[in-house]
Amino acid sequence: MMKKWLLGGIVSAAMIASVSGADAAAAPAGQQLTPEQQQQLIQMLMQQQQAKAVTIEDAVKTWPDDLAEYNGKKFTKTEFVALLKTQLPDGKLPPGFTEERLKQMAPQVIQSMIVRDLLLEEMKKAGITPSARMVKEMWETQLKAATEEQRKQFAAALAQEKLTLDEFIKDQSEDKEVQLQAAIQTYMEKYVFTGIKVTEAQAKKYYDENLDQFKEQKADADSDKAAEAKAKEILAELKKDPAKFAELAKANSACPSKEQGGSLGAFGKGAMVPEFELAAFALKPGEISDVVKTQFGYHIIRRDANLANDPADNIRASHILITPTPKETIIPFDQIKTQLIQVLENGEKQKKFMELNNELLKKANFKMLMAVPANQAPAVQL
């Protein structure tokens with residue numbers, strides 16, 4: 001199933017970010033994962049998926065009945081569970097998400113739930129009511145504003161789910177939670193985000209004052225040719241003496257596997273990028289490949305003998321990875337100005353939203369009743 005369109009999905013977004021944050025750390029920002037890192041990440045994700053999912057009720061069973069107070073009324077554990085289930089329909093925390101992590105996030109999650117309730121009161125005063133028509137109109141607006149590439153990606157996602165655009169919009173329009181999120185977005189745009197507009201000149205000023213943020217490491221044609229030539233030189237040396245594979249890997253490979261003489265251990269199909277996998281599985285034990293190019297650079301692959309306890313459909317391989325030397329360049333302003341304007345406007349909207357959070361919670365005399373972990377700061381300052 002495609003995920004719900006949650007314009008204000010603060011709870012689910014925070015939880016997803018928290019679960020995936022450790023996995024993202026496997027690769028430095030702006031860099032691709034090496035084949036070894038890919039394998040490690042896949043194993044980590046598989047372990048998380050295999051971990052027993054915890055129900056929301058079990059995760060909060062030691063919590064007090066009253067979690068917070070606002071406008072003279074209590075926000076209860078029962079309400080918390082019911083609201084969380086609107087974004088986690090199976091009633092379980094995401095794989096790898098622990099009870100302790102939920103407790104650490106509780107202040108932010110509880111505040112976001114209460115702010116939503118307070119926003120509903122403001123929306124009623126403004127005469128904004130959730131409706132199917134509102135969702136449909138908002139989808140039409142978003143699709144018109146999307147780029148051709150974004151529309152193609154969206155169409156591909158729908159095709160994978162065997163849905164037409166009309167069917168998808170109808171399904172979204174009838175979903176009460178999506179209607180509510182659309183109504184909140186409508187209110188925010190009409191009453192909170194008014195006047196937020198970043199001009200091209202303002203974006204250019206930010207760009208000029210923060211050039212370090214727009215640096216990228218990119219290999220040019222010359223460094224790519226040099227990497228290929230070096231890989232071919234190493235391959236020629238290996239043809240003369242295959243026994244030097246581990247030695248040459250330790251001396252030349254850009255992959256962390258060089259510390260093990262280039263060994264990647266055992267892996268199955270789907271664990272590596274297609275070009276690497278095709279070459280590795282085509283080899284016989286002991287054979288060394290020609291130079292293989294992938295998005296990571298140039299590889300020399302050796303198929304290794306399987307161990308007795310390896311799965312039957314897995315193989316073992318070692319490789320030497322030669323990567324082009326990247327050069328530091330600055331992304332041209334014209335290439336990113338549209339995205340930068342959007343990012344800066346979103347940043348201003350986030351500030352406005354947090355200001356509104358503070359204002360609504362302060363006005364409602366919000367107070368946390370549940371004990372907050374010592375290392376957990378509140379989501380907003382009152």
Side-chain angles (χ1 to χ4, degrees), residues 1-17 19-20 23-24 27 29-33 38 41-42 45-46 49 86-90 94-95 130-190 193 196-198 200 203 216 218 269-278 294-296 331-332 334-347 349-350:
M1 285 290 292
M2 294 183 71
K3 292 169 66 177
K4 283 186 180 181
W5 175 57
L6 295 176
L7 292 166
I10 301 170
V11 178
S12 57
M15 295 183 74
I16 290 168
V19 171
S20 60
D23 305 330
Q31 294 185 19
Q32 300 279 8
L33 294 177
Q38 281 189 22
L41 180 55
I42 288 170
L45 292 173
M46 286 179 65
Q49 292 295 334
T86 65
Q87 296 191 22
L88 300 171
D90 64 353
S131 68
R133 177 186 57 78
M134 190 178 289
V135 176
K136 184 179 178 184
E137 289 177 354
M138 198 160 285
W139 263 112
E140 290 171 351
T141 300
Q142 288 196 0
L143 288 171
K144 284 181 182 178
T147 64
E148 184 63 28
E149 181 61 28
Q150 288 171 332
R151 282 193 285 267
K152 285 181 180 178
Q153 291 175 354
F154 184 61
L158 287 177
Q160 190 172 4
E161 295 291 330
K162 298 180 180 178
L163 287 173
T164 66
L165 179 59
D166 288 342
E167 288 171 338
F168 177 73
I169 291 180
K170 181 176 183 294
D171 179 59
Q172 292 283 291
S173 299
E174 292 174 353
D175 190 302
K176 297 298 182 183
E177 180 66 20
V178 178
Q179 290 178 17
L180 176 59
Q181 296 296 343
I184 291 174
Q185 183 70 17
T186 299
Y187 174 82
M188 298 297 289
E189 294 290 346
K190 189 172 182 180
F193 299 154
I196 293 179
K197 179 69 176 176
V198 175
E200 183 174 325
E216 65 175 351
K218 195 173 183 180
K269 290 188 175 181
M272 304 295 181
V273 291
E275 305 92 335
F276 187 98
E277 178 183 296
L278 187 64
T294 73
Q295 66 199 71
F296 306 107
I331 305 171
D334 287 342
Q335 186 177 323
I336 59 164
K337 66 181 178 182
T338 301
Q339 299 96 311
L340 180 56
I341 287 172
Q342 186 65 58
V343 167
L344 293 176
E345 287 184 352
N346 287 342
K349 288 180 178 181
Q350 182 64 22

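Heads up: numbering here begins at 1 and tracks the sequence.
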Do you see a donor-acceptor pair shorter than 3.5 Å between the side chains of E189 and Q185?
-> yes
Could you grab the distance from atom CD of E216 to atom CD1 of I331, nearest 0.5 Å is fine?
-> 4.0 Å
Hey, what do you get for CG (L180) to CD (E177), rounding to the nearest 0.5 Å?
-> 5.5 Å
Spatial distance of atom OG1 (T294) from atom CG (L278) [nearest 0.5 Å] | 12.5 Å
Can any side-chain N or O of Q150 pair as donor or acceptor with the backbone N or O of T147 at less than 3.5 Å?
-> yes
Distance only, no hydrogens: is a donor on one side chain within 3.5 Å (strictly under) of an acceptor on the other, for N346 and Q350?
-> no
If every non-hydrogen atom of Q295 is compared with every non-hydrogen atom of V273, which pair is closest and at what distance?
-> OE1-CG1, 3.7 Å
All heavy atoms of P130 vs all of Q179, minimum pair found to be CB-O, 3.6 Å
To the nearest 0.5 Å, what is the distance between CD (Q172) and CD (Q181)?
-> 11.0 Å
For the pair E140 and K144, evaluate salt bridge (Lys or Arg N to Asp or Glu O under 4.0 Å) and give the outcome as yes or no after the intermediate values.
-> CA-CA 6 Å; E140 290 171 351; K144 284 181 182 178; 6.0 Å; no
Got a sec: does the CD of Q160 have more than 12 other heavy atoms crowding it under 6.0 Å?
-> no
Where do I169 and K136 come nearest, in terms of heavy atoms and distance?
-> CG2-CG, 4.0 Å
Quick one: closest heavy-atom pair of K162 and E167, and the distance?
-> O-OE1, 4.1 Å
Between L165 and L143, is any pair of side-chain heavy atoms under 4.5 Å apart?
-> yes
How far apart are the closest heavy atoms of E345 and I196, and which atoms are they?
-> O-CG2, 3.9 Å
Salt bridge present between R151 and E148 (N-O < 4.0 angstrom) = yes
Which heavy atom of A203 sits nearest a heavy atom of L344, and at what distance?
-> CA-CD1, 3.9 Å
Mind running side chain to side chain contact (heavy atoms under 4.5 Å, CB included) on E277 and K269 for me, showing each step along the way?
-> CA-CA 7 Å; E277 178 183 296; K269 290 188 175 181; 3.8 Å; yes
K349 atom NZ, neighbour heavy-atom count above 12 within 6.0 Å = yes
Evaluate the ring planes of W139 and F168, with Trp represented by its six-membered ring, and classify them as parallel (under 30°), tilted (30 to 60°) or perpendicular (over 60°).
-> perpendicular
